[in-house]
Amino acid sequence: VQKSLEYAKIPFSSIDLGIISQELEIPENIRSIIITTERVRELSVEEVETLIHFVTKGNTIVFTGPVSHDNMGYLQGIKPNSFYSTDTTSVGVVLYDDVFPGMQEEEYLIQGMMPNFGLLGSEFKNDVNILAGTATNPETPFIVSNRIGLGEVVTLNSYAINEKIYRGFI
């Protein structure tokens, strides 16, 4: 993610959750947070509430993969008491919404692609917005948007995000 932001000349700062030894504080000038690790599941209830408050004020959080843990489920739009069941066969991506201008309904399906290993669509609440799905199973979301207050949480629903074709969506 850092290389993508540097390439696009987008200013950013990085916090390593592994070295946070005090309460999570988000500076007022930060408008977006990109979460790239499942270690976020280790945040305390108070720190998760800090993230929720951050979003409700009109800010954005992006998860570069689903976090299969109840303390992150609300943010991602996952149903309470989810089993976090994974689709192990769906591949490719089809863009439903105009997430990328001029790309609506574009499909990315290359022979030999590995499955995206995302959560099943049934694991998400009915009120989330599915911005993209898998090319081989429209019931499995690939990009999910969950509105909370004035803000938004976007989840790239794939555990295979390091695969070249999927990585491009970051």
Side-chain angles (χ1 to χ4, degrees), residues 1-2 4-5 8 10-18 20 22-87 90 93-101 103-104 116-134 138-161 166-167 169-170:
V1 173
Q2 290 180 354
S4 298
L5 294 172
I10 297 172
F12 70 95
S13 64
S14 179
I15 299 172
D16 186 342
L17 292 176
I20 292 178
Q22 56 191 4
E23 183 178 323
L24 174 66
E25 291 185 30
I26 303 170
E28 284 296 317
N29 64 331
I30 300 297
R31 297 291 169 248
S32 298
I33 295 175
I34 301 172
I35 297 175
T36 61
T37 176
E38 282 222 5
R39 291 204 55 196
V40 74
R41 70 175 56 197
E42 298 171 15
L43 294 177
S44 69
V45 171
E46 293 80 18
E47 291 167 326
V48 172
E49 288 174 1
T50 298
L51 291 175
I52 293 169
H53 181 68
F54 171 80
V55 173
T56 60
K57 294 188 314 184
N59 299 307
T60 303
I61 294 177
V62 176
F63 286 93
T64 60
V67 178
S68 301
H69 197 274
D70 290 339
N71 69 353
M72 290 291 124
Y74 174 76
L75 282 166
Q76 297 176 99
I78 296 171
K79 292 177 182 174
N81 304 313
S82 173
F83 291 108
Y84 299 96
S85 299
T86 303
D87 179 337
S90 294
V93 178
V94 60
L95 301 173
Y96 298 141
D97 207 345
D98 207 10
V99 178
F100 305 103
M103 303 291 285
Q104 189 170 2
N116 71 17
F117 295 105
L119 298 178
L120 293 172
S122 59
E123 299 293 345
F124 291 92
K125 297 185 298 185
N126 293 333
D127 61 350
V128 298
N129 188 16
I130 307 301
L131 304 176
T134 61
E139 299 298 315
T140 299
F142 182 74
I143 303 175
V144 178
S145 170
N146 185 32
R147 303 289 303 178
I148 302 174
L150 300 174
E152 177 182 31
V153 177
V154 176
T155 301
L156 296 174
N157 183 35
S158 174
Y159 289 109
I161 204 66
Y166 298 128
R167 189 174 58 230
F169 287 96
I170 293 177

Open item on the list: Evaluate I30 against F54 for side chain to side chain contact (heavy atoms under 4.5 Å, CB included), listing each step before the verdict.
Closed with: CA-CA 9 Å; I30 300 297; F54 171 80; 4.2 Å; yes

Open item on the list: With side chain to side chain contact (heavy atoms under 4.5 Å, CB included) as the criterion, how do I78 and N146 come out once you've worked through the C-alpha distance, each side chain's angles and the decisive distance to 0.1 Å?
Closed with: CA-CA 9 Å; I78 296 171; N146 185 32; over 6 Å; no

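Taken to the nearest 0.5 Å, the CD atom of E152 stands 5.0 Å off from the CZ atom of R147. Of the inter-residue distances, the one linking N59 atom CG with L51 atom CG reads 11.0 Å to the nearest 0.5 angstrom. Rounded to the nearest 0.5 Å, atoms CZ (F63) and CD1 (I34) are 12.0 Å apart. Between the CG atom in L150 and the OG1 atom in T56 there is a gap of 7.5 Å [rounded to 0.5 Å]. Separating the NE2 atom in H53 from the CD atom in E46 is a distance of 15.0 Å, to the nearest 0.5 Å. Here CG of L95 is found 6.0 Å from CD1 of I143. Values are rounded to the nearest 0.5 Å.
At a threshold of 4.5 Å between non-hydrogen side-chain atoms, the residues F142 and S90 do not count as touching. Residues V62 and S32 fail the side-chain proximity criterion, which asks for heavy atoms closer than 4.5 Å. No side-chain heavy atom of L43 sits less than 4.5 Å from a side-chain heavy atom of T50.
For R41, the salt bridge (charged side-chain N to carboxylate O under 4.0 Å, His left out) partners two or more places apart in sequence, or in a different chain, are E38. Residues satisfying the side chain to side chain contact (heavy atoms under 4.5 Å, CB included) criterion with F117, sequence neighbours excluded, are T86, T88, M114, P115, Y159, A160. Among residues two or more places apart in sequence or in another chain, the side chain to side chain contact (heavy atoms under 4.5 Å, CB included) test is passed with V55 by I61, L75, I148, V153. Remark: S85 pairs with F83, L120, E123 by the side chain to side chain contact (heavy atoms under 4.5 Å, CB included) rule, at least two apart or across chains. Every residue meeting the side-chain hydrogen bond (donor to acceptor under 3.5 Å, both in side chains) condition with H69, not counting sequence neighbours, appears here in chain and number order: N71.
Across all their heavy atoms, S158 and P66 have their closest contact at N-CD, 3.4 Å.
Counting non-hydrogen atoms of neighbouring residues, nucleotides and ligands closer than 6.0 angstrom, the CG atom of N81 reaches no more than 12 such neighbours. Within 6.0 Å of CG on N29 lie more than 12 heavy atoms contributed by other residues, nucleotides or ligands.
Sorted by first and then second residue, the pairs that involve residues 56-71 and meet salt bridge (charged side-chain N to carboxylate O under 4.0 Å, His left out), not counting sequence neighbours, are E28-K57.
Side-chain atoms of T134 and N116 include no donor-acceptor pair closer than 3.5 Å.
Counting only distance, with no hydrogens or angles, the side chain of N129 and the backbone of S145 share no donor-acceptor pair below 3.5 Å. Between the side chain of N157 and the backbone N or O of G118 there is no donor-acceptor pair closer than 3.5 Å. Between the side chain of Q76 and the main chain of V67, a donor-acceptor pair closer than 3.5 Å is present.
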